[in-house]
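Let me begin by presenting the structure, written as structure tokens, before commenting on it.
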Amino acid sequence: MTQAEFFASRHPLAAPAQGELYLLTPGPLTTSLATKEAMLRDWGSWDADFNRITAEVRQRLLAMAGVHGDSHVCVPMQGSGTFAVEAALASAIPRDGKALVLMNGAYGKRAAQILEYMGRDYLTLDKGDYLPPQPEEVAELLEAHPEITTVFLVHCETSSGILNPVKEIADVVKAHGKGLIVDAMSSFGAVPLTIDEVPFDVMVSSANKCIEGVPGFGFVIIRRDLLEASAGRAHSLSLDLLEQWRYMERTGQWRFTPPTHTVVAFHAALAQHREEGGVEGRLARYRHNRDVLVAGMRELGFATLLEDRWLSPIITTFFSPEHPSFDFKRFYAELKARQFVIYPGKLTIAESFRIGCIGQIDEAVIRRLLAAIQESLAAMGVDDCRPAA
Ligand SMILES: *Cc1c(COP(=O)(O)O)cnc(C)c1O
């Protein structure tokens, strides 16, 4: 079966239910019918069947990160992805340590904000809206500031869609003997990230991104010895990663009420991920989605924020047309009336919007989206999609 045939055979939304929307957003995103159906029964949080599902989920996530021994452990954490980032930062950075936060968008900024709340010392390298942090710049900062203990990097900075050079930066961080925390929230499961390639100490992701689950929890893959040494670091009872892990190891249960339906849906989503060919299979579909999207949009006259080599297969930022009749709110409403939900831009420099390539969507859906965009522009009277110079 080819990738396309496979996808067609299980595509739940080839003819979406009346009123159902395609979420072309970086999570929550469009999920499969099988994933939604997994949520149709109730589970006891103490029950052995549910605990087995939690254990399998943790095991599969470790395997996806290339962890085969017991060097790293997987700790799920209730809440959205940010809750898991916050728990990870608190555990991985000593109270008297200092972080270097590499920023080129909203999620790097958010990490610095979390450190500010926690009162942990940090330094930032702020590259603005869309430039990638360079390994040489990181090396320079680490040499100038030997007190830095830990570097924080976002893999795919979802606010622009840029894929940051994670391997090159990881090599520099490791050459300087520092800890590395990777926010791979929007890339894990679709862009390869394994400990043999990228020697991270901590990696954070969540249920509702490339593994195509529904929102409700995040997870941290962390070096076991680092976690074991983190006693007393947490600033929050509920976000204490070490306690969450210890309780789960001891009882098989989540420490506080788990998002049961989200966990079983995620378990179903993981099975589909494997059937699709794992990370490689998913990457191939998302890349193809992006290529069809970008080519189609450029044909309509739109321009991407990023050069091709920085475009992630996750989400793409397009400049808004300069045409006086273009209005994002109206554009959004026109597309929504045609069953597509897109995402506003997050740039400070220019008007833009974003379109996600992830979730249960394939080339056929992207082609329908492109037709819907063309219809929407016509309805608005926009006949030129070039951005401002
Ligand atoms: C989605 C995302 C997060 C977490 O956001 P939540 O809204 O808390 O789920 C963090 N980092 C990146 C890069 C993301 O894409």
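In this text the structure is predicted, and so the values were computed from the model without any measurement. Every number for a ligand or one of its atoms is a count from 1 in the order of the listing.
Close contacts between ligand 1 and Thr82 involve ligand atoms 4 (C), 5 (O), 6 (P), 8 (O) [criterion: under 4.0 Å to a heavy atom]. The atoms of ligand 1 that sit less than 4.0 Å from any heavy atom of Ser186 are 15 (O). Within the listing of ligand 1, atoms 13 (C) sit less than 4.0 angstrom from a heavy atom of Val154.
Looking at Met185, His155, Arg110, Lys209 and measuring to atom 7 (O) of ligand 1, the nearest heavy atom belongs to Arg110.
In the model, Trp254 has a side-chain atom that pairs as donor or acceptor with a side-chain atom of Thr54 under 3.5 Å. Arg298 and Thr304 form a side-chain donor-acceptor contact under 3.5 Å, judged by distance and modelled atom types alone. For Ser32 and Gln272, the side-chain atoms include at least one donor-acceptor pair closer than 3.5 Å. Between the side chains of Tyr122 and Glu116, a donor-acceptor pair is found at a separation under 3.5 Å.
Of the protein's heavy atoms, Thr158 OG1, 2.4 Å lies nearest to atom 15 (O) of ligand 1. Of the protein's heavy atoms, Gly81 N, 3.0 Å lies nearest to atom 9 (O) of ligand 1.
Sorted by first and then second residue, the pairs that involve residues 61-79 and meet side chain to side chain donor-acceptor pair (under 3.5 Å), not counting sequence neighbours, are Gln78-Gln244.
The shortest separation from a heavy atom of Cys156 to ligand 1 is under 4.0 Å, placing the residue in contact.
Close N/O approach between Pro26 and ligand 1 is not found [any backbone or side-chain N/O within under 3.5 Å]. Distances between N or O atoms of Asp183 and those of ligand 1 include at least one value under 3.5 Å. Considering backbone and side-chain N/O of Ser206, none are found under 3.5 Å from N/O of ligand 1.
Glu147 pairs by the side-chain contact (heavy atoms from CB on, under 4.5 Å) definition with Lys98, His145, not counting sequence neighbours.
The only member of Phe340, Tyr343, Phe318, Phe353 that meets ring pair (Phe, Tyr, Trp, His ring centres under 6.0 Å) when paired with Phe331 is Phe353.
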